[in-house]
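Comments concern the structure below.
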Amino acid sequence: MLKKKISILGSTGSIGRQALEVIEKIQDKFEIVALAAGGNVDLLNEQIKKFKPKYAYATNSNSIEGAKYVTLEEICSNKENDIILVAVSGRVGLKPTITAINNGIDIALANKETLVMAGDIVMPLAKEKGVEIVPVDSEHCAIHQCIKDISQVDRLIITASGGPFLRKTVEDMKNATVEQALAHPRWHMGKKITVDSATLMNKGLEVIEAHHLFGMDYDRIKVVVHPQSVVHSAIEYVDGSVIAQLGLPSMHIPIQYAITYPERFEGIKSRSFSFSEIARLDFEEPDWDKFKALNLAYEAGKIGGTATVCLNAANEEAVFAFLDGRIRLFDIVNTVEDMMSKHNVIKNPTLDEIFEVDNEIRIKTRELFLNRV
Ligand code: NDP
Ligand code: MG
């Protein structure tokens, strides 16, 4: 079998590092064309030494050793690639993803901002170009595995672990420290997404992501809290039959699925799944008062256009301010609500308009925090 040629954007991040662990286990299936990082050039150079890509990108191009420097855009227009794993964090993922789609290159998509900001542009473009977008996010990867015929699906059921504050009061949450917000009970992820998991904004962004990926109306996407994170999500067919995807809570599995799709390999699997070891699975309704972020995301999604751009940008800036110790955890969601209430939505924005709104909201959000210590 020919090796699949892959590039990884964000190889030094949580998803990127785990993707390389997967690839190491099935080295005979992959050839790495390019690796791209942000500022962690030391780790990137170690990865270059080990995986020998031809090309590499880092924000500081001068420090790259052992591979030819190229831009993210150049990586994504290189037709040597069969697939590109987009695992950078934030808006930086959007333009390269569009470039890859325009070049007919399949995408394994971890970067949820791409769909939250521009799902109405990205998904139709992928369809037009015959490009497969396979989700890495464990919930969407689960749904991708469950769906045979989307036209017969009635509802998507997205599970949420509930994060570190599931059993805490609103008061506890108000006084939460950064350390408490970063202490996720199930998943080890980058800091931004970990804070989003504590407010449940992550789940809100995932609802928007699911709407675009599977073309499902918002009132047919349901969120259920499932603390064990064993059922990764489910779908309900029109006849009431429910199909769920289960597995141990490890991102290795969805990453491997997304980059090897449509094939499957033993690869990174460490042990067999045991129902009796897990023993019980719990499910409950989300607490909508405590996790207002979830409501805001549904609202933004239903409004559409640049409302989700505003939600995403205001949230990201507020999360950074929280991580910096300038605002409290609850201020994140209040900030997003405030910015959304002031935003004049553009209904069918172009890509340029999306980036303009993104910039404008970030600047305005940062201004709100200027006087905070
Ligand atoms: P991390 O913060 O751990 O990693 C982010 C990666 O992006 C790093 O490699 C970083 O490089 C790189 N990066 C950041 N800015 C730039 C830039 N300007 N140019 C090039 N590279 C850049 O994040 P995660 O791995 O946790 O998440 C990545 C994406 O996947 C996010 O969109 C997240 O929402 C999504 N996701 C993550 C999950 C997880 O389990 N972690 C689960 C589902 C989705 P460097 O470190 O070198 O600066
Ligand atoms: Mg997820």
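Counting starts at 1 for both ligands and their atoms, following the listed order. Quick note: residue numbers are just sequence positions, from 1.
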Below the 3.5 angstrom mark, is there an N/O of Asn40, backbone or side chain, next to an N/O of ligand 1? yes

Report yes if some N/O of Met251 lies less than 3.5 Å from some N/O of ligand 1; otherwise report no. no

Donor-acceptor pair, Lys203 side chain versus Ser161 backbone, under 3.5 Å? no

Can a donor-acceptor pair be found, under 3.5 Å and without considering hydrogens, that links the side chain of Asn103 to the backbone of Thr99? yes

Measure centre to centre between the rings of Phe273 and Phe275, then say whether the value is under 6.0 Å. yes

Region of Glu113 that comes within reach of ligand 1 [heavy atoms, distance under 4.0 Å]: side chain

Against ligand 1, does Ala87 come closer than 4.0 Å with any heavy atom? yes

Mark the output for Gly39 as yes if a heavy-atom distance to ligand 1 is under 4.0 Å, and as no if none is. yes

What I want to find out is whether Glu316 reaches Lys112 closely enough, with some N-O distance under 4.0 Å, to be called a salt bridge. no

With sequence neighbours left out, write down each residue that passes ring-ring contact (aromatic ring centres under 6.0 Å, His included) with His252, or none if nothing qualifies. none

Which class fits the ring pair His211 and Tyr218: parallel under 30°, tilted 30 to 60°, perpendicular over 60°? parallel

Please indicate how many protein N/O/S atoms are found closer than 2.8 Å to the Mg ion (ligand 2), with waters neither displayed nor included. 3

For Cys146 and Ile243, work out which heavy atoms get closest and say how close. SG-O, 3.5 Å

